[in-house]
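Here is the structure we will look at.
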2 protein chains.
Amino acid sequence: MASNDLLKGTLKPIILKLLTENKRMYGYEITQSVKELSKGKIELTFGALYPILHKLEQDGAVITESEIINNRNRIYYSLTETGKNTAKEKIAELEEFVNTLRILLKPNYGLEYVLAR
Amino acid sequence: MASNDLLKGTLKPIILKLLTENKRMYGYEITQSVKELSKGKIELTFGALYPILHKLEQDGAVITESEIINNRNRIYYSLTETGKNTAKEKIAELEEFVNTLRILLKPNYGLEYVLAR
DNA sequence: AACGCATATATAAAATACTTATATATATTT
DNA sequence: AAATATATATAAGTATTTTATATATGCGTT
């Protein structure tokens, strides 16, 4: 609902985090997990998801396994060793960024800023 | 340094937060505050800043006062009443987003996700 | 039986927001 | 004299996401 321009750049680390925690996942499952875990606040659209997954595969960060389940094709993604390192880095970056944002959002930091001058 | 795609969408609320805390500020001052408060982690570039400030002015969220200080032109920005409401909304949105990210980054939520099924 | 909804992957066009590069000009410090 | 800090501004380029569209099966309900 809320205009989520905020997502930009965060989707890739979020996907990598999910793959870190879950060994292997397929695309649809990833979108559902993000929805669930964020209590509906983050909608990871297919148009965003698949290009990211394909890019990760191209870069050798994930490998895929295709399986036919209930007559439907399902493509599982899992991190390679390289991908695990990429994931660690990207997740750490996002964590640092979140901490920085929290400082900036802290109530009345303006006071400290004024006092520091 | 770090590729900050992460910033996207967060700059506007950050600027609004600064203006909320500081009554009036000029462009250069805003960039310096962000740098200081984020310990150098967030570089708000002029190419990003001024378009946002001009947009806020167009939208009636801020008003400007020009002053000549040390022979240099300085343009102060301050929130209008409308702007204060915009700021509250945008800041609240960013806070909620940060909280959501923290849930997603929480170590081993994967476990909870598995248990919840 | 038909309809809608959930499941499942995929791509292209459009919108958006930021980075990088460039321009101009004064004041201060080395 | 040169470099750095102060001060605002815009345009071109890039990257990432949203929106729209395509295809296809399974399940539940009326």
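Given the structure is predicted, the values throughout are model-derived calculations rather than measurements. In what follows, every chain begins at residue 1, and chains take the letters A, B, ... in the order their sequences are listed.
One finds no side-chain N or O of B:His54 lying less than 4.0 angstrom from the OP1 or OP2 phosphate oxygen of D:dT8. Contact between the side-chain N/O atoms of A:Tyr26 and the OP1/OP2 oxygens of C:dA8 is found at a separation under 4.0 Å. Close to D:dT8, at under 4.0 Å from its OP1 or OP2, lies a side-chain N or O of B:Tyr50.
Among the nucleotides C:dA10, D:dT18, D:dT16, the one closest to any side-chain atom of B:Asp5 is D:dT16. With C:dT19, D:dT8, C:dA6 as the candidates, the nucleotide lying closest to the side chain of A:Arg72 is C:dA6. Side-chain proximity of B:Tyr77 to the nucleotides C:dA6, D:dA9, C:dA10 is greatest for D:dA9.
Take the nearest nucleotide of DNA chain D for A:Asn70 and for A:Thr45: the residue whose nucleotide is more 5' is A:Thr45. Looking at which nucleotide of DNA chain D each of A:Phe46 and A:Asn71 is closest to, the 5′-most match is held by A:Phe46.
Ion pairing between B:Arg24 and B:Glu67 holds under the 4.0 Å rule for side-chain N and carboxylate O.
The backbone N or O of A:Ala61 lies less than 3.5 Å from a partner atom in the side chain of A:Thr80, making a donor-acceptor pair. Checked by atom type and distance alone, the side chain of B:Glu29 pairs as donor or acceptor with a backbone atom of B:Tyr26 at under 3.5 Å.
When the P atom of C:dC18 is taken as reference, atom CZ of A:Phe97 falls 10 Å away, rounded to whole Å. Rounding to whole angstrom units, CG of residue A:Leu44 and P of C:dA8 are separated by 15 Å. The distance between atom CG of A:Leu7 and atom P of D:dA15, rounded to the nearest whole Å, is 20 Å. Put simply, CG on B:Leu53 is 12 Å from P on C:dC18, counting in whole angstrom units. C:dA6 atom P lies 18 Å from atom CD of A:Glu29, rounded to whole Å. Rounding to whole angstrom units, NZ of residue A:Lys35 and C1' of C:dA6 are separated by 10 Å. Straight-line distance from the CD1 atom of B:Ile14 to the P atom of C:dA17: 15 Å, rounded to whole Å. Whole-Å rounding puts the B:Leu94 CG to C:dA17 P distance at 14 Å.
Residue contacts for B:Arg74: at a heavy-atom cut-off of 4.0 Å it reaches the sugar-phosphate backbone alone, with no base atom in range. Backbone-only contact: B:Ile75 has heavy atoms under 4.0 Å from sugar-phosphate atoms and none from a base. As judged by a 4.0 angstrom heavy-atom cut-off over every strand, A:Ile69 is placed among residues making no nucleic acid contact. Within the nucleic acid shown, A:Ile52 comes within 4.0 Å of sugar-phosphate atoms alone, with no base atom in reach, counting heavy atoms only. Nucleic acid contact class of A:Gly47 (heavy atoms, under 4.0 Å, all strands): base.
Using a 4.5 Å cut-off on side-chain heavy atoms (C-beta onward), A:Met25 and A:Leu19 make contact.
Put simply, CG on B:Leu37 and NZ on B:Lys17 are 10.5 Å apart, with the number rounded to the nearest 0.5 Å.
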For this session: For side chain to side chain contact (heavy atoms under 4.5 Å, CB included), just list the numbers for B:Tyr77 and B:Ile63, CA-CA rounded to whole Å, side-chain angles, deciding distance to a tenth of an Å, and then say yes or no.
Result: CA-CA 6 Å; B:Tyr77 293 83; B:Ile63 46 166; over 6 Å; no
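The base of C:dT16 does not come close enough to the side chain of B:Lys8 for any donor and acceptor atom to sit less than 3.5 Å apart.
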